[in-house]
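Computed from a prediction, not measured in an experiment: that's the story for all the values here. Position 1 is the first residue of the sequence, and the numbers go up from there. Indexing begins at 1, ligand by ligand and atom by atom, following the structure's order.
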Amino acid sequence: MLRTLIINQKIEPFKKIIKVDGDKSLSIRWVLLASQALGISKAYNLLMSEDVSAALEAIKKLGIKVKINKSNCEIFGNGINGFNYKSGLVVDAKNSGTLGRLILGLLIRSPKRIKIIGDKSLSKRDFSRVVMPLEKFGAKFYYKTKNKLPLSIIGSQSPKGINYIENKGSAQCKSSVMLAALNSTGTTFIKAKKSRNHSELLFKYLKIPIKIKKNKKYDFINIKKPTKINAFNYQVPGDISSSAFFMVLTMLTNNSELLIKNVNINPSRIGIITILKKMGAKISLNNTRNYRGEKISDIKIKTSKNLRGINCPSRLNSSAIDEFLIIFLVAAKAKGISYFRNISELNQKESPRLNWGSKILNMMGIKTELTKDSIKIYGQPNLEIAKPIVIKKYLKDHRVFMMSTIAALTCGGKWKIHDKDSINTSFPSFLKIIKNLNNQLI
Ligand code: S3P
């Protein structure tokens, strides 16, 4: 298979109904929580991507039986802290920050040393953000390079609940501590800046003792150790972060319309919809329903002309944290200057995404002003790219690949986008869905 994607023309108009792959955050959480439940849990529409496979491999190595069937995945949980493994175990989190950080929380009471490794991208990312709170529970960490993978953890014999302030708006940090609380005596108090709340909703659904109070900026969560977690089945909804690429593809293509079925529209994830609507996008939500505390909807998008730049309110940052690259593309095609600030966290992702977003826009002929934590984008509604563009050496960040593909299909130019297999971490059907929209390309 050719590993480079070549795109030499824009996509033709389309009117289609699609489904995107299952939500990544929920898929990984289901795997980790099902591994702590007692009995057989089943998931339908589980995301079958490399990040989720890495999570399944990880719990298998920790002694949990996993069965992948045609229409579902089964996990045979042994209960809380029911892992069973030999010392010297190595768990590979591959590209997944969510897996690497959350699993450390689950290992808070593991008596034998376990080494966590990751790929080149994950090995550059910061782990102090989870190491620090987990040390407070009593875990010990060992590494070559401080706070980076590979690192080893030895859990505490008797972890005790902690007080923890999560100030980055990181759901990974919050969730890692929440998972450690499952194995700790006493109460764990978390004051967390707003971030996606899938872990809280799952804890509630599973009847794990959790109390949550909210103010505008923070959630105050307290958790007590449950006596057990019952096995549970789960139907994973579509991923809004994957849908975002198709929302923007439709907005920026003439005479087009798309209905994306069955997408998770948890309020803590839909910053993308709020931001795009403020910029003039035609988006509506139909058939909204609740599923185990999560909100699910069909999303309808139409070609959106006369887009306007945005002075993006920082309060939306965490609910759009994975969508900024594709939002930057809309800003490039909008009238006026767009401004995004307090987004240094983007440079902590699979690649330094804030820098990459700016770089790709510059290659497209768009002026940007970049700082460590902000970007100004000078939009050009009539932008047409005539020159060749090559996207490479981007640490295989799946979202850099997908943003570049959508840019190529909507702005023209001759694009060579390396490392096509990068999409396998989060959205293996990405190129197939594009092909089915419109058979002429890719
Ligand atoms: C995730 C949280 C976010 C997000 C990541 C998935 C999760 O990371 O970027 O793709 O599932 O908890 P941070 O918690 O580091 O912001």
Side-chain angles (χ1 to χ4, degrees), residues 21-33 46-47 49-52 54-55 93-106 118 121-122 124-133 147 149 164 166-180 190 192-203 219 221 236-237 239-245 264 266 268-272 294 314 316-327 342-354 356-357 373 395-400 402-403 422-423 425-427:
D21 294 342
D23 186 276
K24 180 152 71 85
S25 290
L26 281 170
S27 294
I28 294 175
R29 283 164 175 74
W30 175 78
V31 171
L32 297 180
L33 281 167
L46 189 72
L47 171 64
S49 75
E50 284 172 1
D51 280 12
V52 182
K94 300 213 168 143
N95 188 249
S96 176
T98 306
L99 173 61
R101 292 174 178 141
L102 266 59
I103 203 154
L104 286 171
L106 272 191
S121 152
L122 190 59
K124 288 180 190 287
R125 297 176 69 183
D126 169 46
F127 270 72
S128 67
R129 54 182 62 198
V130 286
V131 162
M132 262 147 45
N147 297 320
L149 296 189
Y164 168 58
E166 196 296 299
N167 243 330
K168 295 183 195 296
S170 163
Q172 292 179 356
C173 296
K174 174 177 70 181
S175 302
S176 183
V177 169
M178 289 175 68
L179 291 174
I190 306 171
K193 202 163 155 191
K194 299 279 178 196
S195 63
R196 64 189 68 189
N197 67 345
H198 304 302
S199 303
E200 292 91 310
L201 295 177
L202 279 168
F203 273 38
D219 290 345
I221 305 170
V236 181
D239 197 324
I240 182 110
S241 299
S242 299
S243 307
F245 296 96
N264 183 291
N266 178 318
S268 63
R269 294 282 300 276
I270 54 167
I272 173 85
E294 294 286 351
S314 301
L316 296 175
N317 288 353
S318 131
S319 61
I321 192 70
D322 289 338
E323 281 64 75
F324 277 102
L325 281 177
I326 198 68
I327 292 169
N342 299 330
I343 48 173
S344 58
E345 269 296 297
L346 288 195
N347 278 337
Q348 304 293 328
K349 299 295 175 191
E350 286 86 329
S351 71
R353 265 187 205 153
L354 179 54
W356 266 104
D373 69 350
L395 284 166
K396 290 189 169 202
D397 180 346
H398 49 133
R399 294 199 169 102
V400 167
M402 292 191 277
M403 180 256 199
S422 58
I423 52 171
T425 60
S426 73
F427 193 3

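One option in Arg101, Gln172, Glu166 has a heavy atom closer to atom 1 (C) of ligand 1 than any other, and that option is Gln172.
If you take NZ on Lys396 and CD on Glu350, they are separated by 13.5 Å, rounding to the nearest 0.5 Å.
Using 4.0 Å as the threshold, Arg29 has a heavy atom nearer than that to some atom of ligand 1. In this structure, Lys349 is part of the shell of residues with a heavy atom less than 4.0 angstrom from ligand 1.
Of all protein heavy atoms, the one closest to atom 10 (O) of ligand 1 is Asp322 OD2, 2.8 Å. In terms of protein heavy atoms, atom 6 (C) of ligand 1 is closest to Thr98 OG1, 3.4 Å.
Across all their heavy atoms, Arg129 and Tyr164 have their closest contact at O-OH, 4.1 Å.
Counting heavy atoms under 4.0 Å from ligand 1, residue Arg196 touches it through the side chain alone.
Polar contact with ligand 1: absent for Glu345 (N/O pair, distance under 3.5 Å).
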Could you please spell out the steps behind the salt bridge (Lys or Arg N to Asp or Glu O under 4.0 Å) verdict for Asp126 and Arg101? CA-CA 10 Å; Asp126 169 46; Arg101 292 174 178 141; 5.5 Å; no

Any chance you could lay out the side chain to side chain contact (heavy atoms under 4.5 Å, CB included) test for Leu202 and Trp30, step after step, and finish with the verdict? CA-CA 8 Å; Leu202 279 168; Trp30 175 78; 5.7 Å; no

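Side-chain contact annotation: Ser426 with His398, donor-acceptor N/O pair under 3.5 Å present. Side chains of Glu50 and Thr425: a donor-acceptor N/O pair is absent below 3.5 angstrom, by distance only. Residues Thr98 and Lys24 bring no donor and acceptor atom of their side chains to less than 3.5 Å of each other.
Contact atoms of ligand 1 toward Ser25: 6 (C), 7 (C), 11 (O) (distance under 4.0 Å to a heavy atom of the residue). Numbered from 1 in the order shown, with element, the atoms of ligand 1 that lie under 4.0 Å from a heavy atom of Ala171 read 12 (O), 14 (O). Within ligand 1, counting atoms from 1 as listed, the ones closer than 4.0 Å to a heavy atom of Ser170 are 13 (P), 14 (O), 15 (O), 16 (O).
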